[in-house]
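Positions are given from 1 along the sequence. The structure displayed is predicted, hence computed values, not measured ones. Quick note: numbers below take in every heavy atom, side chains included, and nothing from hydrogens, waters or symmetry partners.
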Amino acid sequence: MTTSPGPATTSAHTPKPATASAPAPGSAPSPTVLVDHDRLLSAVTGLFTGYGIPPGRAAVAATALCHGDLTGPASHGVANLSRLYVPLLASGRADPGAAPEVTADLGACAVVDARRALGLWAAAEAMEDAVRRARRHGIGLVAVRNGTHFGCAGFHAAQAAAHGMIGLVASNCGGQRIARPPHGALAMLGTNPLAVAAPALDDHPFVLDMSTTVVPTGRIRAAARQGERLPEGWLEDTAGRPVTDPAAFDRGTAYLRWLGGAADTGAYKGFGLGLVVELLAALLPGAAVGPAPAALAGDGRPHGRDDDIGFLLLVIAPHRLRPDGDFAGAAQEMFRSLLSCPPLDPHTPVRYPGWWEAERSQERRRTGIPLAAGVHEELTDLGLDLPAYETADVLTTGVLTTDELTTDALTADANAAGALTAGVTGEEGAA
């Protein structure tokens with residue numbers, strides 16, 4: 001197996017260290033540049049092929065990555081190129097030409113060694129394999145070890161919904177440890193995303209995409225880049241007091257909370273779901289796990305690396321399990337009934353997870369994808385052919401706007417204050 005130490009074309013793809021400091025919390029939002037979706041997709045595909053990824057794989061990986069920008073939030077989109085994916089490829093931690101190997105195949109289920117292939121592609125490929133198995137057997141399960149960061153879990157789960165099936169995706173964070181167990185002093189687990197997708201109303205599939213912590217680290221860092229304060233309940237200090245400065249997380253003075261908040265308000269639900277992900281996505285295929293002896297050498301702050309990530313991709317084919325039933329029709333009736341529920345506030349209609357993402361995707365395909373000015377600069381420094389900065393428009397959205405909120409953020413805020421009611425999703429990758 002060979003690795004590529006850097007791009008196969010020019011040095012324009014070498015990541016450039018960021019020089020601008022983050023704006024102060026509470027300052028005005030950064031301007032944004034609108035970029036046509038197809039143009040962004042083509043540019044990201046070209047970047048990946050420059051690092052030796054075969055063109056077909058590169059196109060799939062680019063589609064998976066741009067999904068975060070297309071549906072929101074941008075914390076799991078192209079902002080991660082210079083921070084995450086280019087360093088993975090440049091350092092050899094991700095192998096652009098890896099050939100994943102099936103190590104166990106029982107027909108309906110299989111175990112795959114991804115061999116450090118780029119997770120954006122490897123997870124999509126594993127999901128397509130699970131869909132094929134479900135089409136034959138009624139259910140398809142592919143468990144993957146030795147993976148790398150795969151982007152938005154919801155993107156991969158939604159592949160099953162596009163085939164009229166139910167998809168479940170889970171991923172741990174390999175050996176990276178970010179969150180402390182309730183009453184624990186050491187970081188032991190990652191954000192451990194979980195996603196479920198299914199057919200719902202036309203062009204609006206059900207897609208629940210969530211971290212098992214209140215939010216993923218990408219949301220914290222996105223707020224830091226934008227100079228935004230966090231809602232109380234996302235981070236806490238060592239005494240359990242709320243922290244609203246997002247930069248405190250990377251300083252090591254603040255810690256992610258689990259879904260459910262504190263131990264006495266339901267943190268064991270989020271923590272328990274995080275352990276479920278470790279069991280299904282990592283222990284099952286034999287990937288690295290967070291709660292390992294190495295975790296006990298930590299000092300309480302996040303530590304370890306997100307190498308040898310484990311994925312679980314499960315697909316159920318309803319038409320095989322109930323051939324005489326109308327699953328699609330029943331699903332439409334169920335979700336249509338939800339949308340017909342009278343809202344408490346007429347300006348905040350009842351919607352299910354995935355609805356707003358579908359709406360946002362359709363809009364951004366028409367009008368373009370908004371990239372923050374800092375992200376636009378990073379991408380052009382990487383050599384991506386994007387429109388010039390002078391086309392920028394200023395957006396005034398912040399962390400608390402409906403456009404950018406996600407299911408796990410809403411869940412956390414509802415647990416903390418009962419203040420938010422909109423049902424939106426779209427969230428997590430493996431960190």
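The two residues Glu333 and Ser337 have their closest heavy-atom pair at O-OG, 2.8 Å. Summarising the geometry of Gly147 relative to Ala114, their closest heavy-atom pair is CA-CB, 4.1 Å, with the distance given to 0.1 Å. Shortest non-hydrogen contact noted between Thr45 and Pro55 is CG2-O, 4.5 Å. Between Pro343 and Pro349 the shortest heavy-atom distance is CB-CA, 4.1 Å. Residues Ala197 and Val207 share a closest heavy-atom pair of CB-CG2, 4.2 Å. Taking both residues in full, the closest heavy atoms of Val144 and Ala126 are given as CG2-CB, 3.9 Å, listed atom of the first, atom of the second, then distance.
In this structure, the side chains of Ile53 and Leu89 come closer than 4.5 Å at one or more pairs of heavy atoms. A 4.5 Å side-chain heavy-atom check between Leu379 and Leu81 finds at least one atom pair inside the cut-off. Side-chain contact between Glu359 and Arg351 is absent, with no heavy-atom pair separated by less than 4.5 Å. Proximity of Val112 to Glu125: side-chain heavy atoms (C-beta onward) are nowhere separated by under 4.5 Å. Side-chain contact between Ile178 and Thr213 is absent, with no heavy-atom pair separated by less than 4.5 Å. At a threshold of 4.5 Å between non-hydrogen side-chain atoms, the residues Arg133 and Val142 count as touching. Put simply, the side chain of Pro199 reaches to within 4.5 Å of the side chain of Phe327, judged on heavy atoms. Under the 4.5 Å side-chain criterion, counting only non-hydrogen atoms from C-beta, Cys173 is in contact with Thr191.
The line from NE2 of His76 to NE2 of His67 is 11.0 Å long, rounded to the nearest 0.5 Å. In this structure, OG on Ser42 lies 8.5 Å from CG on Asp385, to the nearest 0.5 angstrom. From Leu168, atom CG reaches atom CG of Leu194 across 5.5 Å, with rounding to the nearest 0.5 Å. Within the model, atoms CG of Leu70 and CG of Leu65 stand 11.5 Å from one another, a figure rounded to the nearest 0.5 Å. Here the NE2-CG distance, from His376 to Leu40, works out to 10.0 Å after rounding to the nearest 0.5 Å. Remark: Arg364 CZ to Ile369 CD1 distance equals 7.5 Å, nearest 0.5 Å.
Within the structure, side chain to side chain donor-acceptor pair (under 3.5 Å) contacts touching residues 266-276 (residues at least two apart or in different chains) do not occur.
Remark: Ala108 engages His137, Ile139 in a side chain to side chain contact (heavy atoms under 4.5 Å, CB included) (not counting sequence neighbours). The side chain to side chain contact (heavy atoms under 4.5 Å, CB included) search around Gln159 returns Ala124, Met127, Glu128, Phe155, His156, not counting sequence neighbours. Contacts of Tyr85 classified as ring-ring contact (aromatic ring centres under 6.0 Å, His included), with partners at least two apart in sequence or in another chain: His149. For Ala222, the side chain to side chain contact (heavy atoms under 4.5 Å, CB included) partners at least two apart in sequence or on another chain are Ser75, Arg225. Residues meeting the ring-ring contact (aromatic ring centres under 6.0 Å, His included) test with His163, sequence neighbours left out: none. Residues forming a side chain to side chain donor-acceptor pair (under 3.5 Å) with Gln362 (at least two apart in sequence, or on another chain): none. Partners of Phe335 by ring-ring contact (aromatic ring centres under 6.0 Å, His included), not counting sequence neighbours, listed by chain and number: Phe206, Tyr352. With sequence neighbours left out, Phe271 forms a ring-ring contact (aromatic ring centres under 6.0 Å, His included) with Trp258. Checked against side chain to side chain donor-acceptor pair (under 3.5 Å), Asp202 has the following partners two or more places apart in sequence or in another chain: Gln332. Residues forming a side chain to side chain contact (heavy atoms under 4.5 Å, CB included) with Ala328 (at least two apart in sequence, or on another chain): Asp326.
Considering Val214, Leu189, Ile220 as possible partners of Leu256, the one that fulfils the side-chain contact (heavy atoms from CB on, under 4.5 Å) test is Ile220.
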Which donor-acceptor pairs under 3.5 Å do side chains of residues 307-318 form with protein atoms, sequence neighbours excluded?
residue	atom	partner	partner atom	Å
Asp307	OD1	Arg93	NE	2.9
Asp307	OD1	Arg93	NH2	2.8
Asp307	OD2	Arg305	NE	3.1
Asp307	OD2	Arg305	NH2	3.1
Asp308	OD1	Asn146	N	2.8
Asp308	OD2	Ala288	N	3.1

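Between the Thr49 side chain and the Gly46 main chain, a donor and an acceptor come within less than 3.5 Å of each other. Without hydrogens or angle criteria, Arg366 side chain to Ser361 main chain gives no donor-acceptor distance under 3.5 Å. Distance alone, capped at 3.5 Å, places no donor-acceptor pair between the Arg145 side chain and the Asp113 backbone. Under the 3.5 Å distance criterion, the side-chain polar atoms of Thr148 are left unmatched by any main-chain donor or acceptor of Arg116. Looking only at distances, no side-chain donor or acceptor of Arg115 sits under 3.5 Å from a matching main-chain atom of Glu101.
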**Request:** Apply side-chain contact (heavy atoms from CB on, under 4.5 Å) to the pair Val78 and Cys66, showing each step before the final yes or no.
**Result:** CA-CA 6 Å; Val78 294; Cys66 292; 4.0 Å; yes
**Message:** side-chain contact (heavy atoms from CB on, under 4.5 Å), that's the test. Do Val196 and Asp209 meet it? Break it down for me.
**Reply:** CA-CA 7 Å; Val196 179; Asp209 186 345; over 6 Å; no
**Message:** Test side-chain contact (heavy atoms from CB on, under 4.5 Å) on Leu230 and Leu235; report intermediate values, then the result.
**Reply:** CA-CA 8 Å; Leu230 300 176; Leu235 295 178; 3.5 Å; yes
**Message:** Using salt bridge (charged side-chain N to carboxylate O under 4.0 Å, His left out), reason through Asp250 and Arg221 one step at a time and then give a plain yes or no.
**Reply:** CA-CA 8 Å; Asp250 279 328; Arg221 292 182 174 123; 2.9 Å; yes
**Item:** Val243 vs Glu236, side-chain contact (heavy atoms from CB on, under 4.5 Å): CA-CA, chis, key distance, verdict
**Value:** CA-CA 5 Å; Val243 174; Glu236 65 183 11; 5.5 Å; no
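Under the 6.0 Å distance and 45° angle rule, Arg360 does not count as a cation-pi partner of Trp356.
The existence of a salt bridge linking Arg365 and Asp38 is excluded, since no basic side-chain nitrogen approaches an acidic carboxylate oxygen closer than 4.0 Å.
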